[in-house]
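One structure is given below, encoded as structure tokens.
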Amino acid sequence: MGKRTYVFLVLTVLLLACENDARILANPSAPEETSGTIIKMDFSDYGLPVLDIKRGYILRDAINSSNSKIKSDLQAYADMGMQLVALPKDLNQFDANWGNNPQGDYFRSYRSMGSQYFGGNGEKEEFSRNQGGEIDIHINSQYLELCQMARDLGFQMIIQCSGVPVEGKDNGRVEHLFPLDNRRSFHGSARYYPLPATNNYDANGTIIFEWMKLLHDKLGVSNTIYTGNQEPSHTTGYFNGTQTETATIQNLTVYPAIWRPTANKLKNAGMLSAVSQLNEVSRYYDASLQSITEKGVPFDYYSIQNYMAQRNSKILADVKNALEKYNIPLHKKVLFNRYDYGVTKKLKTNEERFATSQGIIAFLESELILCDYANMVYGYCFFTGAQNYSMMNSVLTFLNNMPQARKKLSGVPEGLKYIASANENKISIVLWNPGDKSYVFNLDTTNGANTSTNLIIEKGTETNFTRIPPVTSGPAFKEIAGLRLNSQEFMLITIAF
């Protein structure tokens with residue numbers, strides 16, 4: 001066997017008392033950690049989950065944005081190292097009584113309420129009934145153009161098709177192409193996607209598959225993931241419009257039967273599919289998977305629309321238990337096709353969540369939980385809003401470019417948290433301080449097996465994100481002194497060999 005190389009990062013926690021130190025100084029009113037703890041990074045293989053979670057964004061707002069803006073966003077996401085992109089597709093009109101009808105922000109497939117069909121220029125409806133009574137299918141040219149660009153940039157696409165297909169009319173009205181289940185009615189707290197009548201499940205599912213297959217053939221890639229209605233626990237409406245626990249469970253038993261015809265055809269065509277699209281209310285995962293398995297619905301991913309990533313510990317524990325209960329393999333099975341961490345008392349706006357160090361630390365806390373479940377989690381597409389903030393994008397870029405081999409740091413003070421990884425070319429460490437104490441430490445890499453050629457240290461403090469010029473001694477950044485993490489600060493450290 002060859003000689004095993006160990007690289008140790010020594011972070012010695014100490015108190016800096018010099019008031020005029022040119023390096024970053026602690027808040028003098030904050031208590032200091034003076035334990036003298038030495039933190040070491042061990043390159044040994046402890047069998048930790050590989051950090052290969054795929055990240056991406058949802059392309060939105062599709063109605064109000066021009067294609068040029070969306071293309072610019074796509075290129076920016078690729079430059080960040082993102083690997084996934086979701087292009088949600090809206091197949092049907094919403095309930096006519098909803099005041100905002102139908103101002104959603106999906107890529108629509110029809111004209112409605114006097115609004116121009118997405119793409120315009122007299123382009124054919126994506127679904128329309130011809131003179132012979134058959135349904136013609138067309139892929140909107142501008143939607144296809146975005147998908148082709150995503151493909152060419154190397155993204156894996158997630159195509160979500162919600163609803164029963166409709167045909168838009170010149171007068172702004174729409175016509176569903178299949179009869180609806182008129183026993184169900186709109187529930188006012190969520191977007192409404194009506195279900196087809198019971199004897200139209202197969203016909204409806206076949207038409208949706210044929211649209212997916214046409215897109216699939218035009219793109220010529222095999223890794224696109226196709227999925228159905230969002231949050232079928234409630235967006236499918238209720239009998240008599242009444243929301244009860246029993247009615248919600250009933251929805252979870254109905255939806256797999258509706259999706260099964262599409263899922264079977266996707267499987268037979270060698271195309272990837274995801275099922276569920278439940279949100280973060282994890283108590284429903286068991287009932288959902290029970291119905292999915294009992295009805296024999298094939299799927300490659302169990303998808304969750306997780307808008308409350310601060311609940312990741314419970315969400316991931318519950319979905320793991322449910323998957324195991326129904327003997328479903330866990331490896332890379334969970335896909336968060338929508339992902340966000342919700343507002344809190346201290347983080348109420350997008351600016352506070354995505355452009356402050358406190359918000360980034362909340363995100364990193366949820367990311368740490370994902371790392372512990374990395375063997376089970378395939379990836380996530382972040383919800384709208386986060387992509388507008390450079391601090392959030394900088395952190396996502398760092399995470400995307402970390403080596404996949406996760407490593408341990410020993411002796412970390414209780415108040416600090418971290419994610420660390422390394423390979424033969426690079427060490428990456430994210431450190432954050434969610435508590436009230438302040439920590440000052442030195443970073444010593446004199447025991448490294450290779451000579452460092454590049455060192456980058458970036459720090460988030462309140463609304464500022466800056467690169468820190470390190471204070472070093474010795475050649476090639478072997479000793480770095482005077483690093484500080486005050487309360488609610490985070491640090492990104494890259495050492496390249």
Side-chain angles (χ1 to χ4, degrees), residues 86-92 106 109 127 135 137 157-166 176-181 183-184 190-216 224-238 247-279 281 284-305 319 322-323 326 328 333-338 378:
L87 296 96
K89 192 73 174 172
D90 180 17
L91 303 182
N92 70 259
Y106 287 35
S109 294
F127 300 93
I135 296 176
I137 298 174
M157 286 170 278
I158 302 170
I159 308 295
Q160 178 185 341
C161 294
S162 294
V164 177
V166 298
H176 284 94
L177 297 176
F178 298 99
L180 303 181
D181 186 344
R183 301 169 300 167
R184 311 175 72 82
R191 297 163 65 93
Y192 175 49
Y193 296 99
L195 300 182
T198 304
N199 59 353
N200 282 270
Y201 288 178
D202 286 344
N204 185 73
T206 296
I207 288 297
I208 291 176
F209 165 75
E210 289 179 357
W211 182 91
M212 294 173 171
K213 184 64 166 61
L214 180 60
L215 177 65
H216 184 81
T224 301
I225 301 170
Y226 298 89
T227 185
N229 272 41
Q230 68 149 339
E231 302 183 62
S233 57
H234 57 277
T235 58
T236 50
Y238 298 93
T248 297
I249 297 297
Q250 195 271 344
N251 282 353
L252 301 182
T253 64
V254 170
Y255 182 71
I258 298 170
W259 176 247
R260 180 173 56 195
T262 304
N264 282 331
K265 291 180 182 297
L266 288 168
K267 180 182 179 181
N268 292 337
M271 298 163 65
L272 298 175
S273 70
V275 70
S276 173
Q277 290 78 252
L278 293 180
N279 60 25
V281 184
Y284 296 132
Y285 299 162
D286 187 292
S288 165
L289 280 163
Q290 179 181 0
S291 183
I292 288 166
T293 55
E294 287 177 349
K295 291 178 173 62
V297 181
F299 64 99
D300 298 287
Y301 304 98
Y302 188 78
S303 58
I304 298 171
Q305 300 188 176
V319 72
L323 289 167
Y326 297 102
I328 298 169
K333 205 65 175 181
V334 175
L335 170 66
F336 293 116
N337 62 313
R338 294 172 179 232
Y378 185 76

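Sequence positions, counted from 1, serve as the residue numbers for this chain.
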Checklist entry - Do Lys213's NZ or CZ and the ring of Tyr226 fall within the cation-pi criteria of under 6.0 Å and 45°? => result no
Checklist outcome for this item: Residues Ile208 and Cys161: closest non-hydrogen pair is CG2-CB, 4.4 Å
Item to check | Residue pair Leu335, Ile158: steps toward the side chain to side chain contact (heavy atoms under 4.5 Å, CB included) verdict | outcome: CA-CA 10 Å; Leu335 170 66; Ile158 302 170; 4.0 Å; yes
Item to check | Evaluation steps, side chain to side chain contact (heavy atoms under 4.5 Å, CB included), between Val297 and Tyr255 | outcome: CA-CA 11 Å; Val297 181; Tyr255 182 71; over 6 Å; no
Next on the checklist: Between Asn204 and Pro165, is there a side-chain heavy-atom distance shorter than 4.5 Å?
Outcome noted: yes
Next on the checklist: Nearest 0.5 Å, please: how far is CG in Leu323 from CG in Leu289?
Outcome noted: 5.5 Å
Next on the checklist: With heavy-atom distances below 4.5 Å as the criterion, would you say the side chains of Asp286 and Tyr326 are in contact?
Outcome noted: yes
Item to check | Side-chain donor-acceptor contact under 3.5 Å, Tyr302 with Ser288 | outcome: yes
Item to check | Side chain proximity check, Ile135 to Phe178, heavy atoms < 4.5 angstrom | outcome: yes
Next on the checklist: Given 3.5 Å as the limit, does a donor-acceptor pair link the side chain of Ser273 with the main chain of Ala263, or not?
Outcome noted: no
Item to check | Residue pair Ile159 / Met212, side-chain heavy-atom distance below 4.5 Å | outcome: no
Checklist entry - To the nearest 0.5 Å, how far apart are OH in Tyr284 and CG in Leu252? => result 7.5 Å
Next on the checklist: Could you check whether any side-chain heavy atom of Asp300 comes within less than 4.5 Å of a side-chain heavy atom of Ile225, counting everything from C-beta outward?
Outcome noted: no
Checklist entry - Does any non-hydrogen side-chain atom of Arg338 lie less than 4.5 Å from one of Pro88? => result yes
Item to check | Euclidean distance, Met157 CE relative to Leu272 CG, rounded to 0.5 Å | outcome: 11.5 Å
Next on the checklist: Whether the Ser303 and Gln277 side chains hold a donor-acceptor pair (N or O, under 3.5 Å, no angle test) is what I'd like checked.
Outcome noted: yes
Checklist entry - For the atom pair OG1 (Thr262) and NZ (Lys267), what is the distance rounded to the nearest 0.5 Å? => result 15.0 Å
Item to check | NZ (Lys265) with more than 12 external heavy atoms under 6.0 Å | outcome: no
Checklist entry - Okay, side chain of Lys295, backbone of Thr253: is any donor-acceptor separation there less than 3.5 Å? => result yes
Item to check | Evaluation steps, side chain to side chain contact (heavy atoms under 4.5 Å, CB included), between Val254 and Leu195 | outcome: CA-CA 10 Å; Val254 170; Leu195 300 182; 3.9 Å; yes
Checklist entry - So do Thr206 and Phe209 actually touch side chain to side chain, heavy atoms under 4.5 Å? => result no
Next on the checklist: Would you say that Pro196 contacts Val164 through its side chain, given a criterion of any heavy-atom pair below 4.5 Å between the two side chains?
Outcome noted: yes
Next on the checklist: Using every non-hydrogen atom in the two residues, find where Pro298 and Gly296 come nearest and quote the distance to one decimal.
Outcome noted: CD-O, 3.3 Å
Item to check | CD1-CG distance between Ile258 and Asp181, expressed to the nearest 0.5 angstrom | outcome: 7.5 Å
Item to check | Qualifying residue, where the test is side-chain contact (heavy atoms from CB on, under 4.5 Å) with Ile304 and the options are Asn337, Val334, Leu278 | outcome: Val334
